[in-house]
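All of these numbers come straight from a predicted model, not from anything done at the bench.
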Amino acid sequence: MSVIPVDEHLISEAKELRDQLQRFLREYEFGMREVETKISILRDEFTHDHAYNPIEHVKSRLKSPDSIVEKIARKGIDDPDFDRIRAEITDIAGVRVTCSFVADVYRLFDLLTAQDDVTVRTVKDYIANPKANGYKSLHAIIEVPVFLSTGALSVPVEVQFRTIAMDFWASLEHKIYYKFSNQVPAHLVDSLSDAADAAAELDTRMERLHREAHGVPQRQLAPPPPPAPRVVEV
């Protein structure tokens, strides 16, 4: 039985790379927690002081190493290192906020991004300008400070705001495309488009009902566009 010699140097390099990756991902995890805390505070403040909770639920996710590698390949990033990945990939940490109504989406976006320690990098408003397939959501890449033992670090986090109807449609669309490996039959694509229209109509009707039931003037619920200086369309 032959014995394969162990290269201690290679093992040491592999361990160092593993540790660097773990530190790299922790930075994004901490940034994600900061955003979660900010949203949680807004939710509690609305619940206790305004007797109204505009947030239905919040989900967070951190990209896996495999997902990061796949995105590096899709973006054609040559010779990637951690600094290059930080600069090129801005959605490693993500938080999704599902709201009751479209007006709540814009209201929460404004409240979150108005905070002094939040910097807005990009905004893509797929509610005002839906994707061709009917997808609607408000996407923002924001930066929040994370204070480590080594000092302060600014971490990008992708925050998606959408209504319950938008979230349900997006979840179903994702499952269908996954089922067919992105080769979805034409009749299902058409049905998804119709469903997107129905979801938008449902959002409008439910918001109207809410406004009438609670006596809220329409002007208070109308979704204002994101402030122009903060919007960057790609």
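Of all heavy-atom pairs spanning Pro156 and Ile141, the tightest one is CB-CG2, 4.2 Å. Residues Ser100 and Asn53 come closest through the heavy atom pair OG-O, 4.0 Å. Between Asp125 and Ile127 the shortest heavy-atom distance is OD1-N, 3.0 Å. Summarising the geometry of Ala103 relative to Glu207, their closest heavy-atom pair is CB-OE2, 3.3 Å, with the distance given to 0.1 Å. Closest non-hydrogen pair, Ala165 versus Ala199, comes out as CB-O, 3.8 Å. Residues Arg61 and Ala93 come closest through the heavy atom pair NH1-C, 3.5 Å.
Judged by distance alone, the side chain of Trp169 and the main-chain N or O of Asp197 form no donor-acceptor pair under 3.5 Å. Formation of a donor-acceptor pair under 3.5 Å by the Thr204 side chain with backbone atoms of Ala200 is found in this model. Remark: side-chain polar atoms of Thr113 are paired, donor with acceptor, to backbone N or O of Phe109 under 3.5 angstrom.
Taking the six-membered ring where tryptophan is involved, the planes of Tyr126 and His139 are perpendicular, since the angle between them exceeds 60° and thus also 30°.
Between Gln115 and Leu42 the shortest side-chain heavy-atom distance falls below 4.5 Å. Proximity of Thr90 to Glu158: side-chain heavy atoms (C-beta onward) are nowhere separated by under 4.5 Å. Counting only heavy atoms from C-beta outward, the side chains of Val118 and Lys38 approach each other to under 4.5 Å. Two residues are said to be in side-chain contact when any heavy atoms from C-beta on lie closer than 4.5 Å; Arg96 and Arg162 meet this criterion. Considering only heavy atoms from C-beta on, Tyr135 stays 4.5 Å or farther from Glu173 through its side chain. A heavy-atom distance below 4.5 Å is found between the side chains of Leu25 and Pro65. Residues Ile72 and Ile85 meet the side-chain proximity criterion, which asks for heavy atoms closer than 4.5 Å. A 4.5 Å side-chain heavy-atom check between Leu192 and Asn133 finds every atom pair outside the cut-off.
Here CZ of Phe147 is found 12.0 Å from OG1 of Thr150. Values are rounded to the nearest 0.5 Å. The OG atom of Ser60 lies 7.5 Å from the CD1 atom of Ile39; values are rounded to the nearest 0.5 Å. To the nearest 0.5 Å, atom CG of residue Asp66 and atom CD of residue Glu70 are 6.5 Å apart. With rounding to the nearest 0.5 angstrom, the CD atom of Gln160 is 12.0 Å from the CE atom of Met166. The structure places OG1 of Thr98 at 8.0 Å from CD of Glu56, a figure rounded to the nearest 0.5 Å. Considering CD1 of Ile68 and CD1 of Ile89, their distance stands at 6.5 Å, rounded to 0.5 Å.
Hydrophobic clustering places Phe30 together with Tyr28 (ILVMFWY residues linked when any side-chain heavy atoms are closer than 4.5 Å, directly or through intermediates). Neither Val58 nor Ile164 shares a network with the other; the hydrophobic side chains, linked directly or stepwise wherever heavy atoms of I, L, V, M, F, W or Y lie under 4.5 Å apart, form separate groups for each. Linking ILVMFWY residues whenever their side-chain heavy atoms come closer than 4.5 Å, directly or via other members, places Leu62 and Val155 in the same cluster. Residues Leu148 and Ile92 share a hydrophobic cluster, clusters being chains of Ile/Leu/Val/Met/Phe/Trp/Tyr side chains in contact below 4.5 Å. When the side chains of ILVMFWY residues are joined at heavy-atom separations under 4.5 Å, either directly or via intervening members, Phe168 and Phe161 end up in two distinct hydrophobic clusters.
Under the 4.0 Å criterion applied to side-chain N and carboxylate O atoms, Arg86 and Asp83 are assigned as salt-bridge partners. Between Asp167 and Lys59 there is no salt bridge, since none of the side-chain N atoms of the basic residue sits less than 4.0 Å from a carboxylate O of the acidic one.
No option in Asp104, Leu108, Val102 other than Val102 meets the side-chain contact (heavy atoms from CB on, under 4.5 Å) test with Tyr106.
Between the side chains of Glu143 and Ser154, a donor-acceptor pair is found at a separation under 3.5 Å.
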For this session: For the pair Glu29 and Arg33, evaluate salt bridge (charged side-chain N to carboxylate O under 4.0 Å, His left out) and give the outcome as yes or no after the intermediate values.
Result: CA-CA 6 Å; Glu29 180 184 353; Arg33 287 189 200 172; 2.8 Å; yes

For this session: Could you give me the CA-CA distance, side-chain angles and deciding distance for Lys71 and Asp91, then say whether salt bridge (charged side-chain N to carboxylate O under 4.0 Å, His left out) is met?
Result: CA-CA 10 Å; Lys71 189 143 192 179; Asp91 63 345; 2.7 Å; yes

For this session: Take Asp44 and Ser40, measure what side chain to side chain contact (heavy atoms under 4.5 Å, CB included) needs, and give me the verdict at the end.
Result: CA-CA 6 Å; Asp44 290 347; Ser40 178; 4.0 Å; yes

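By the neighbour-count criterion of 12 heavy atoms within 6.0 Å, atom NE2 of His57 is densely surrounded, having more than that number from other residues, nucleotides or ligands. In the displayed structure, Phe46 atom CZ is contacted under 6.0 Å by more than 12 heavy atoms of other residues, nucleotides or ligands.
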